[in-house]
Amino acid sequence: MFRFETAGESHGECLVATLTGLPAGIPIALNAINHELWRRQQGFGRGGRMKIETDTASVVAGVRHGATIGSPIALIIANADWKNWTENLPVEGGDPALRKPVTRPRPGHADLSGAIKYSLPDARYILERASARETTARVAVGAIAKQFLAQFGIEVLSHVLAVGPVRLERQATWDEIVELSRRTDVMLGCVDAETEAEMKTVVDEAYKTGDTVGGIFEVVARGLPVGLGSHITWDSRLDGKLAQAIVSMQAVKGVEVGWAEEGSRSFGSRVQDEIYYDKSEHRFYRGNNRAGGLEGGMTNGEELRVRGFLKPISTLRRPLESVDLETREPAKAAYERSDVCVVPAAGVIGEAMVAIVLAAAFLEKFGGDSLTETRRNYEGYLAQVSEF
Ligand code: EPS
């Protein structure tokens, strides 16, 4: 079974990820992992922390001579900021006077519920793990999942659909999204320059007023076979798995597959994608893709389109009302440093989560201990599908 775990605190030594269930023989390029990590750090609206970090992964297990060997893969990504926290967050002992306790929980963050649940009067221990810094490890794992999927011609990318109230009012094409992924000057990750400029104005406004701003990203996957996931049980439906993966991302409050919100306001005749058959290619296809590539919890061979909705992040330079955990008196929420807008980064993280879910679904269907075996199973299925 393909699965992964992460560990690590935002200001601790490093982030760690382990990943099991990939067949042996998948070529893995470290620079492709590091490129994804670089992409996650880009975007207008990031705070001071991104100037400190240059995220780079070390693979310490499971990959030898440039390919997976079937055993668990382990990754480490050092936190450059750790050098500033060695005295404040030691593993053992340490001077209590050097701690940086957080006693004024931020509305919208994990601080308060986590402090109560774990019985830790210092919310520092909660925010260290709840922080979106953890997504660095997810992106590194996702980069490996992407390299596995690429063996079968499956690609996963993203773009930003909305920042605050500014929204791209049309569908972004795959070619535009590919072009965006090659840009080195990612501003807000929107395929349309004019809309992106409007998005920037919203982020500028949030900077000026000490506020934060959310938005919507869309992940698109191409090259998927028909039939990943299944209609047969609630927990084998691929849409459910994708939803869990996306909503598990920090600050994401909602997910949409295809035209969910718009579809709910329309009539069925305008929402369902009519079915056609291409006799020369012996292939069924849909006239539209409002379903976002999923019907009945299964891929239908069209592009997969999944959207994540981010609330504005909860650390505000102009803090909101809170209560001091020690005195129980009203107090402004804690503020140290923060991002203002993370929607472009969230798109990259969304890609990683979608790639991970797709790799798991792919391996569930085709199995294999070696890439050769997986490929044989996959090609056998494709031959069967072409004869349907
Ligand atoms: C975060 C707070 C900020 C963000 C962080 C998420 O970190 P810091 O407190 O060190 O400035 O920069 O995100 C990252 C470090 C990252 O790599 O994405 C939070 O509290 O969630």
Side-chain angles (χ1 to χ4, degrees), residues 6-17 33-34 36-57 75-86 88-89 99-115 122-143 186 189 203 206-207 210-215 217 248-253 308 310-317 319-320 322 333-353:
T6 73
E9 281 94 49
S10 182
H11 304 104
E13 294 85 327
C14 59
L15 296 154
V16 179
I33 302 175
N34 291 330
E36 294 299 297
L37 294 178
W38 173 83
R39 289 182 64 221
R40 195 199 70 95
Q41 290 197 267
Q42 306 311 300
F44 184 69
R46 292 293 243 159
R49 179 73 184 272
M50 288 306 101
K51 294 193 179 74
I52 299 174
E53 306 292 343
T54 308
D55 292 331
T56 314
L75 293 149
I76 294 172
I77 301 138
N79 283 324
D81 206 17
W82 164 242
K83 64 177 183 301
N84 304 316
W85 287 82
T86 48
N88 317 109
L89 267 180
R99 286 188 188 184
K100 289 189 178 176
V102 173
T103 59
R104 290 167 291 122
R106 289 159 294 175
H109 212 282
D111 300 347
L112 181 57
S113 302
D122 179 359
R124 160 73 54 203
Y125 301 120
I126 305 303
L127 75 88
E128 284 294 332
R129 181 63 187 155
S131 163
R133 180 81 192 138
E134 184 261 346
T135 61
T136 314
R138 299 196 199 195
V139 168
V141 172
V186 176
V203 181
Y207 264 121
D211 220 320
T212 57
V213 65
F217 63 85
S248 76
M249 287 167 51
Q250 293 81 343
V252 172
K253 296 296 271 185
L310 273 99
K311 67 174 180 177
I313 58 169
S314 45
T315 311
L316 272 68
R317 205 173 71 242
L320 298 174
S322 184
Y335 178 81
E336 277 164 15
R337 169 179 72 190
S338 77
D339 303 308
V340 167
C341 174
V342 292
V343 191
V348 178
I349 303 155
E351 288 174 35
M353 294 313 290

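Remember, it's 1-based here, ligands and their atoms both numbered in the order they're listed.
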For this session: State the atoms of ligand 1, each with its element, that fall below the 4.0 Å cut-off from a heavy-atom position in Ala132.
Result: 6 (C), 18 (O), 21 (O)
Problem set entry | Atoms of ligand 1, numbered as shown, that sit under 4.0 Å from any heavy atom of Arg46 | 18 (O)
Exercise. Looking only at protein heavy atoms, which one is nearest to atom 8 (P) of ligand 1, and how far off is it?
Worked result: Arg337 NH2, 3.5 Å
Seminar exercise, completed: The atoms of ligand 1 lying under 4.0 Å from a heavy atom of Ser131, numbered in the order shown, are 1 (C), 5 (C), 6 (C), 19 (C), 21 (O)
Exercise. For Ser10 and ligand 1, does the shortest N/O to N/O distance drop below 3.5 Å?
Worked result: no
Problem set entry | Polar proximity ligand 1 side, Arg49 side, N/O cut 3.5 Å exclusive | yes
For this session: Determine whether the side chains of Ser248 and Arg138 contain a donor N or O and an acceptor N or O closer than 3.5 Å.
Result: yes
Exercise. Among protein heavy atoms, which sits nearest to atom 12 (O) of ligand 1, and what does the distance come to when rounded to 0.1 Å?
Worked result: Asp339 OD2, 3.4 Å
Exercise. Which atom pair, heavy atoms only, marks the closest approach of Val203 to Gly45?
Worked result: CG1-CA, 4.0 Å
Exercise. For ligand 1, which atoms, with element, lie under 4.0 Å from some heavy atom of Arg106?
Worked result: 20 (O)
Seminar exercise, completed: All heavy atoms of Arg49 vs all of Ser10, minimum pair found to be NH2-O, 2.7 Å
Problem set entry | Distance-only N or O hit between ligand 1 and Arg133, under 3.5 Å | yes
For this session: Output the list of atoms in ligand 1 that are nearer than 4.0 Å to some heavy atom of Met50, sorted by atom number.
Result: 14 (C), 15 (C), 16 (C), 17 (O)
Exercise. Any luck finding a side-chain donor-acceptor pair between Arg106 and Ser322 under 3.5 Å?
Worked result: no
Problem set entry | Geometric N/O contact His11 with ligand 1, under 3.5 angstrom | yes
For this session: Name the closest protein heavy atom to atom 17 (O) of ligand 1, giving the residue it belongs to and the distance to 0.1 Å.
Result: Arg40 NH2, 2.6 Å
